[in-house]
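Read through the structure below, which is laid out as structure tokens, and then see the notes.
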2 protein chains.
Amino acid sequence: MIDMPAKRPPVPLSLERIIDAALHIADGQGLRRLTMRRLGDALQVEAMAIYHHLPRGKDALMDALAEHVTAVQVGPEGLDGWQDRARAWARASRAALLEHPGVLSLALTKPPKGSALIAIREQAEQLQEAGLGDASEAVRALRAYVFGSVAVEVQQSGWADPDATVQHARTADGEREFEHGLDALITGLER
Amino acid sequence: MIDMPAKRPPVPLSLERIIDAALHIADGQGLRRLTMRRLGDALQVEAMAIYHHLPRGKDALMDALAEHVTAVQVGPEGLDGWQDRARAWARASRAALLEHPGVLSLALTKPPKGSALIAIREQAEQLQEAGLGDASEAVRALRAYVFGSVAVEVQQSGWADPDATVQHARTADGEREFEHGLDALITGLER
DNA sequence: ACCTGAACACCGTTCAAGT
DNA sequence: ACCTGAACACCGTTCAAGT
């Protein structure tokens with residue numbers, strides 16, 4: 001008998017590993033190519049094993065992905081005034097969405113649940129404590145602003161565009177314009 | 001032999017009928033249940049017949065749906081000043097998206113093509129002719145605003161909410177807040 | 001030109017079975 | 001508790017064939 005290198009006991013499956021692999025597939029190949037079977041392959045496991053960790057199957061997976069890029073928290077440490085807190089939260093939200101464009105359609109569309117819903121409520125409380133009048137209105141406006149900005153920014157990167165340097169210039173513009181619009185929104189919120 | 005009512009020659013398939021039926025399914029049952037076979041059933045035709053009108057298959061169908069809710073034109077008649085035109089265009093865009101929430105994820109996510117892309121360019125030209133400085137910047141900001149507003153508005157209607165009257169109040173709020181934010185955005189655009 | 005029928009590869013999910 | 005294998009109903013798409 002030939003001495004084979006000992007087959008390592010595979011890393012056990014976990015919700016976190018499943019979500020990471022799913023995000024990798026969605027970002028790299030698109031959401032339509034994210035299938036339970038492909039996801040199983042990526043995790044070196046039969047597709048059916050996933051159901052043990054996500055009993056509601058693919059629907060639960062989609063929910064979890066939306067939650068993952070959408071449940072954003074920013075600690076109130078070192079942030080004085082609701083303006084700074086709002087700004088920090090908006091930036092963190094934008095970054096989280098841009099990091100995983102493959103699931104953006106889920107993030108923009110699925111009603112917030114679980115930790116995402118909790119994060120929204122917490123953010124409203126923080127802004128209220130920091131002295132903002134209608135905090136839940138403000139959170140809605142901020143979420144809308146982040147969603148809209150990221151949507152057109154990601155759309156634009158999918159535009160037909162042969163010139164790669166123009167492409168890069170646009171990305172830098174994205175941040176500049178985001179900050180500019182954010183300033184305007186926040187000044188508008190003080191009334 | 002029994003006299004049967006004469007079988008009417010079926011209405012011939014057309015791109016328009018296909019898109020209408022597809023929107024109906026997506027809005028009523030969700031995008032995930034929009035399949036070629038179900039679409040064929042709704043049109044009283046075998047699924048394969050659809051490929052004659054949409055040679056690129058389901059991808060082409062998705063593109064067409066996004067285009068349909070996204071290619072918005074407003075004639076410049078009776079609209080003086082770029083502010084009024086921008087306002088009219090934003091309202092029309094919001095209405096088109098709210099009418100078909102089932103394909104919102106496509107509309108927010110697919111890069112504009114065909115008539116949708118043309119409508120964007122035309123809108124930029126109109127605003128420029130009406131005296132706006134950086135018109136393409138403005139169109140981007142307006143699109144982002146409409147996308148974000150509609151996204152949170154539609155998300156909210158999917159929220160867990162036992163009280164139906166609260167639900168209805170929210171919808172009315174949606175329009176009020178949209179107009180309010182739109183005013184702020186447009187004043188911000190004049191610089 | 002327009003549609004059908006059969007076929008193929010792939011998909012989500014269930015269930016009994018293995019360890 | 002965690003994973004596999006076989007099975008089922010359904011899916012997108014092709015292709016040859018019908019009219």
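Just so we're on the same page: letters track the sequence lines, and every chain starts at 1. What you are looking at is a predicted structure, and each value in this text was computed from that prediction instead of being measured.
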Item checked: Those residues of residues 33-41 of chain B lying under 4.0 Å from DNA chain D by at least one heavy atom -> B/Thr35, B/Met36, B/Arg37, B/Arg38

Note to self: Among residues 18-32 of chain B, which ones have heavy-atom contacts with DNA chain D below 4.0 Å?
What the structure shows: none

Check: Can you check whether B/Met36 reaches B/Tyr51 side chain to side chain, under 4.5 Å on heavy atoms?
Finding: yes

Note to self: I want to check something: taking the side chain as every heavy atom from C-beta on, are A/Glu46 and A/Arg37 in contact at a cut-off of under 4.5 Å?
What the structure shows: no

Next item on the list: Give a yes or no answer on whether the side chain of A/Thr70 reaches the backbone of A/Glu67 with a donor-acceptor pair at less than 3.5 Å.
Entry: no

Notebook entry, point to check: Would you write out the dot-bracket form of DNA chain D, 5' to 3', with Watson-Crick and G-U pairs under 3.5 Å, [ ] for crossing pairs, | for pairs to other strands and . for unpaired bases?
Noted result: ||.|||||...|||||.||

Next item on the list: Tell me, please, the opening and closing nucleotides of DNA chain D, 5' to 3', among those with an atom under 4.0 angstrom from a non-hydrogen atom of chain B.
Entry: D/dC11 to D/dT14

Margin query: According to ring-ring contact (aromatic ring centres under 6.0 Å, His included), does anything in residues 31-50 of chain A pair up with another residue at least two apart or in another chain? List the pairs.
Written below: none

Notebook entry, point to check: Tell me the ring-ring contact (aromatic ring centres under 6.0 Å, His included) pairs involving residues 114-158 of chain A, sequence neighbours left out?
Noted result: A/Tyr145-A/Phe178

Item checked: Check ion pair A/Arg56-A/Asp63 (N to O, under 4.0 angstrom) -> yes

Next item on the list: Answer yes if A/Leu54 and A/Met48 sit in the same cluster of Ile, Leu, Val, Met, Phe, Trp and Tyr residues linked by side chain heavy atoms under 4.5 Å apart, and no otherwise.
Entry: no

Note to self: Same cluster or not: A/Leu15 versus A/Leu61, using hydrophobic residues (I, L, V, M, F, W, Y) connected whenever any side-chain heavy atoms lie under 4.5 Å apart?
What the structure shows: yes

State whether the number of non-hydrogen atoms from other residues, nucleotides or ligands found under 6.0 Å of [X] atom [atom1] is greater than 12.
{"X": "B/Glu16", "atom1": "CD", "result": "no"}
{"X": "A/His24", "atom1": "NE2", "result": "no"}
{"X": "A/Lys113", "atom1": "NZ", "result": "no"}

Next item on the list: Show your working on salt bridge (charged side-chain N to carboxylate O under 4.0 Å, His left out) between B/Arg38 and B/Asp41 and close with a plain yes or no.
Entry: CA-CA 5 Å; B/Arg38 239 187 291 262; B/Asp41 282 354; over 6 Å; no

